[in-house]
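Below: the structure, in structure tokens.
Note on naming: letters A, B, ... go to the chains in the order of the sequence lines (proteins, then strands), and numbering restarts at 1 for each one.
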Amino acid sequence: MDPGTRASELAALGGPEARAPRTEPADRGGEFPELVGARPGAVVLRLAPFPSGALHIGHARMIYVNDYYRRRYSGKLLLVFDDTAGSEEKKVETEFFDLIRGDLDFAGVRPDEVYYKSDRIAAFYPYARRTIEAGGAYVCRCPAELLRANRAAGVACPERGQTAEETMREWDRMLKGEYPTGSAVLRLRTDMKDPDPAFRDRVLFRLSDIDHPRVGHRYRVWPMLEFSWAVDDLELGITHVLRGKDLVIEDRMERFLWNLWKVKGAEFVHWGVLRIREAKVSKSKSYREVKTGVFDGWDDPRTWSLRSLDRRGITSEAVRAFIASFGMSLSDIEVPAESLYAENRKRIDATTLRRSYVADPVEVSVSGWPAGLESAELPNHPDHPDLGRRTAAAGPKFYLARKDVLAHAGQEVRLKDLANIRLPADIPDGIERVWAEFTSKENRRLARLQWVGAANAVAVDVLGIDGQHTKGVGEGALLRAEPRQRFQFERVGFVRLDRDYIPPEVPVRVVYGHP
RNA sequence: GCUCCCGUAGUCUAGUCCGGUCAAGGAUCCGUGGCCUUCGACCACGAAACGCGGGUUCGAAUCCCGCCGGGAGCACCA
């Protein structure tokens with residue numbers, strides 16, 4: 001827009017104040033600009049998930065950006081389940097309503113109000129009439145393929161010439177069920193020559209025989225997302241729509257309809273596409289794998305769902321900070337999960353107790369082990385003595401990690417925080433136990449190995465991010481733990497007792513979080 | 001192909017609207033040293049960027065033009 005128009009629009013939106021692009025950093029990193037025309041206490045935002053699976057890391061931006069602005073303006077945040085008819089790949093299922101509310105609980109975001117789009121289907125029909133009366137729509141009976149081809153070619157079908165009266169009759173026939181499913185749609189009349197092929201006469205309503213989990217067969221004529229939002233953003237009083245830029249064409253649709261209805265609607269703001277390098281998130285893939293039991297539920301680490309992050313011991317605060325670091329940038333980004341892990345480490349490292357664990361253990365018997373060194377007192381945290389100490393069984397029999405033993409064959413090594421031993425030179429692959437020799441207790445600069453005293457070693461099962469289980473042994477202190485307690489397995493990483501694990505059950509089942 | 005969006009270190013991000021204070025700030029990652037005992041944390045130090053080409057200007061990461069690159073949309077899904 002030209003400077004004059006811009007100035008006057010800005011003035012209309014709240015005077016010169018709105019002109020300054022005041023931004024506010026969220027902690028560190030990304031910036032969050034002022035929302036255009038936002039007045040404290042009068043901002044209404046919405047979260048609109050489709051209930052076909054658990055919310056995953058990809059939804060986190062939607063959740064936290066909206067929550068951030070709700071707090072900033074003391075506004076309201078509505079949860080509106082976008083449970084219209086969906087498609088073959090995207091099916092509405094009852095269990096997901098609660099699942100998603102649970103996901104928001106974990107995220108620490110409480111919606112002020114909750115709505116179901118399926119309750120509001122009838123409310124969309126009067127707006128359809130209004131659109132038809134304004135000459136903004138027509139009933140198209142082209143098969144889907146022809147409709148698509150014509151759209152690509154910029155060709156109008158004969159029905160496009162309908163008068164409003166004719167369209168209204170056709171619309172009534174759609175509502176009365178006179179057309180078989182898939183044989184008629186209500187289309188917006190934009191311009192079949194619109195330079196953006198995506199915007200040519202998009203579909204507003206379609207026919208579906210879905211047996212909807214909440215409303216059954218009550219409706220056959222279902223609105224498409226854009227139309228339903230054009231209505232609901234109005235009726236629910238949404239002031240700002242914050243969403244990913246993959247949905248920009250929806251802005252144009254909503255504005256087009258509001259224009260037709262001669263009303264003023266919400267403001268739109270977007271952010272760019274966010275990908276996590278390690279996470280190939282796909283709700284429909286997760287859906288299949290969870291249903292068929294390949295995945296261990298919606299909190300299987302492979303889903304990258306919010307609840308799987310919780311299971312791994314990643315805090316919602318870490319996810320929030322991770323998201324905040326991107327601000328409202330429109331750039332398409334691919335971020336390593338390490339950034340998320342770094343945020344989590346900042347939050348849990350100082351309070352997480354250390355424990356010893358070795359994977360793929362080899363039993364090592366030490367000859368010449370000094371009497372009186374059967375156990376050791378070890379700090380729970382090397383940097384925080386206030387977290388106390390624990391007693392761990394020591395020699396003469398230990399478990400060491402196979403790769404450590406192999407890597408240091410024939411060398412003198414130091415059992416961390418304990419004593420020095422010499423490993424035998426020839427260690428065959430696959431051996432179960434070896435003999436080593438005690439050398440001294442003094443702390444010398446030797447390779448330091450993680451160890452578990454055999455006398456109170458317990459079996460440990462680690463569920464990895466790839467869904468695979470690793471067997472190992474850990475120290476007996478692991479049996480004295482709170483449910484779902486986090487630990488750091490020294491030199492391995494942060495883990496959390498699994499959700500259904502009850503101490504002191506054996507093996508100790510933990511879920512790997514991150515290094 | 002068409003439409004829209006984006007392009008600052010390996011990865012994110014601040015700065016771009018209102019050109020100089022930016023010989024570009026922060027985070028993360030990486031490297032080195034410290035903390036005589038973690039492949040964690042913490043501390044210190046170090047390496048590392050304005051996509052390319054023109055133009056305007058005393059001066060451009062910031063303005064203009066043209067390229068190139070990346071992403072999204074083009075579903076009777078959301």
Side-chain angles (χ1 to χ4, degrees), chain A residues 3 6 19-21 23 25 27-31 48-52 82-92 117 140 142-145 147-148 151-152 154 181-187 194-200 202-208 222 224-226 228-229 243-252 270 272-275 277 283-284 321-322 324-327 329-336 338-343 345-346 348-350 352 354 356 378-379 381-384 414-418 442-446 448-450 488-494 514-515:
Chain A
R6 182 179 166 77
R19 189 170 195 293
T23 59
D27 263 339
R28 295 169 177 171
E31 299 260 330
F50 185 80
S52 65
D82 224 338
D83 62 334
T84 49
S87 64
E88 271 309 302
E89 306 86 66
K90 295 183 182 174
K91 289 194 186 71
V92 179
K117 198 142 259 182
C140 173
C142 297
E145 306 73 49
L147 188 157
R148 270 198 290 270
R151 175 140 61 209
T181 304
S183 71
V185 294
L186 185 72
R187 292 177 75 178
D194 192 283
D196 180 359
F199 197 66
R200 293 172 188 162
R202 290 175 73 91
V203 173
L204 265 19
F205 284 85
R206 47 135 178 193
L207 268 12
S208 170
W222 290 84
M224 305 301 289
L225 168 137
E226 299 89 339
S228 72
W229 278 115
R243 59 186 170 200
K245 74 177 190 185
D246 47 318
L247 262 22
V248 281
I249 198 163
E250 279 71 7
D251 299 13
R252 214 182 145 193
H270 301 93
V273 177
L274 165 68
R275 286 192 186 82
R277 208 191 303 294
K283 235 176 171 182
S284 48
F322 172 69
S325 73
F326 311 129
S329 153
L330 278 161
S331 306
D332 304 316
I333 56 177
E334 183 174 87
V335 188
E338 176 54 38
S339 300
L340 172 61
Y341 302 158
E343 292 295 346
R345 250 183 247 119
K346 281 181 205 163
I348 68 171
D349 183 80
T352 303
R354 268 53 177 172
S356 198
L378 304 170
H381 195 300
D383 311 318
H384 301 277
R414 180 158 182 84
L415 302 180
K416 185 171 173 291
D417 291 315
L418 190 65
E442 64 170 326
N443 179 22
R444 286 192 284 132
R445 288 275 178 190
L446 299 168
R448 294 187 182 105
L449 268 44
Q450 204 64 35
Q488 188 208 48
F489 282 172
E490 290 196 53
R491 321 177 84 164
V492 174
F494 292 89
H514 54 81

Just checking [X]: base, sugar-phosphate only, or nothing, at a heavy-atom cut-off of under 4.0 Å?
{"X": "A:Ser329", "value": "sugar-phosphate"}
{"X": "A:Val185", "value": "base"}
{"X": "A:Gly86", "value": "sugar-phosphate"}
{"X": "A:Leu330", "value": "sugar-phosphate"}

> According to the interplanar angle, ranging from 0 to 90°, do the rings of A:Tyr341 and A:His514 count as parallel (below 30°), tilted (30 to 60°) or perpendicular (above 60°)?
Replying inline: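 Geometry flag for A:His514 against A:Tyr341: parallel rings.
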> Of the non-hydrogen atoms in A:Ala184 and A:Leu207, which two are nearest, and what is the gap between them?
Replying inline: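 In terms of heavy atoms, the two residues are closest at O-CD2, 3.7 Å.
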> Which heavy-atom pair separates A:Lys117 from A:Thr84 by the least distance, and what is that distance?
Replying inline: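 Closest heavy-atom pair between A:Lys117 and A:Thr84: CG-CG2, 3.8 Å.
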Test ring-ring contact (aromatic ring centres under 6.0 Å, His included) applied to [X] - qualifying residues, sequence neighbours left out:
{"X": "A:His381", "result": "A:His384"}
{"X": "A:Phe50", "result": "none"}
{"X": "A:His270", "result": "none"}

Under 3.5 Å, which N/O atoms of the protein pair with N/O atoms of nucleotides 65-70 of chain B?
unit_1 : atom_1 : unit_2   : atom_2 : d
B:G70  : N2     : A:Asp332 : OD2    : 3.1

Mind calculating the distance between [atom1] ([X]) and [atom2] ([N]) to the nearest angstrom?
{"X": "A:Glu343", "N": "B:G26", "atom1": "CD", "atom2": "P", "answer": "17 Å"}
{"X": "A:His384", "N": "B:G40", "atom1": "NE2", "atom2": "C1'", "answer": "11 Å"}
{"X": "A:Leu207", "N": "B:C76", "atom1": "CG", "atom2": "P", "answer": "14 Å"}
{"X": "A:Ile348", "N": "B:G40", "atom1": "CD1", "atom2": "P", "answer": "14 Å"}
{"X": "A:His270", "N": "B:U3", "atom1": "NE2", "atom2": "C1'", "answer": "15 Å"}
{"X": "A:Glu334", "N": "B:C6", "atom1": "CD", "atom2": "P", "answer": "20 Å"}
{"X": "A:Glu31", "N": "B:A27", "atom1": "CD", "atom2": "P", "answer": "15 Å"}
{"X": "A:Lys283", "N": "B:A78", "atom1": "NZ", "atom2": "P", "answer": "12 Å"}

Pairwise [atom1] distance for [N] and [M], with rounding to whole Å:
{"N": "B:C43", "M": "B:G7", "atom1": "C1'", "result": "36 Å"}
{"N": "B:C2", "M": "B:G66", "atom1": "P", "result": "16 Å"}
{"N": "B:C42", "M": "B:G1", "atom1": "P", "result": "48 Å"}
{"N": "B:U32", "M": "B:G70", "atom1": "P", "result": "35 Å"}
{"N": "B:A44", "M": "B:C4", "atom1": "P", "result": "49 Å"}
{"N": "B:A49", "M": "B:C39", "atom1": "C1'", "result": "30 Å"}
{"N": "B:G20", "M": "B:C63", "atom1": "C1'", "result": "14 Å"}
{"N": "B:C12", "M": "B:A75", "atom1": "P", "result": "30 Å"}

Does [N] have OP1 or OP2 sitting under 4.0 Å from an N or O in the side chain of [X]?
{"X": "A:Arg252", "N": "B:C74", "result": "no"}
{"X": "A:Arg275", "N": "B:A72", "result": "yes"}
{"X": "A:Thr84", "N": "B:A78", "result": "yes"}

[X] (side chain) donor-acceptor with [Y] (main chain) under 3.5 angstrom:
{"X": "A:Asp332", "Y": "A:Gly272", "answer": "no"}
{"X": "A:Arg444", "Y": "A:Arg414", "answer": "no"}
{"X": "A:Lys245", "Y": "A:Leu330", "answer": "yes"}
{"X": "A:Ser329", "Y": "A:Ser331", "answer": "yes"}
{"X": "A:Arg200", "Y": "A:Asp194", "answer": "yes"}

When you get a sec, tell me which of [options] is the closest nucleotide to the side chain of [X]?
{"X": "A:Arg148", "options": "B:U3, B:C76, B:A14", "value": "B:C76"}
{"X": "A:Ser325", "options": "B:G1, B:U11, B:C12", "value": "B:C12"}
{"X": "A:Met224", "options": "B:C5, B:C76, B:G1", "value": "B:C76"}
{"X": "A:Phe494", "options": "B:G40, B:A14, B:G71", "value": "B:G40"}

>> Let's test your reading of the pairing rules: Watson-Crick or G-U wobble, both distances under 3.5 Å, then write RNA chain B as a dot-bracket string with ( ), [ ], | and dots.
In response: (((((((..((((......[....)))).(((((.......)))))....(((((..]....))))))))))))....
> Between A:Arg187 and A:Arg151, is any pair of side-chain heavy atoms under 4.5 Å apart?
Replying inline: yes
> Is there a side-chain contact between A:Leu274 and A:Val335, using heavy atoms and a 4.5 Å cut-off?
Replying inline: yes
> Mapping A:Ala198 and A:Glu250 to their closest nucleotides on RNA chain B, which lands nearer the 5' end?
Replying inline: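 This one resolves to A:Ala198.
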> Which comes earlier along RNA chain B counting from the 5' end, the contact point of A:Val335 or that of A:Asp194, where each point is its nearest nucleotide?
Replying inline: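 By nearest-heavy-atom nucleotide position, the 5'-most residue is A:Asp194.
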> Got a salt bridge between A:Arg243 and A:Glu250, using NZ or NE/NH1/NH2 to carboxylate O under 4.0 Å?
Replying inline: no
> What string of B, S and - do you get for nucleotides 29-39 of chain B, 5' to 3', if B is base contact, S is sugar-phosphate-only contact and - is no contact with any protein heavy atom under 4.0 Å?
Replying inline: S------SBBB
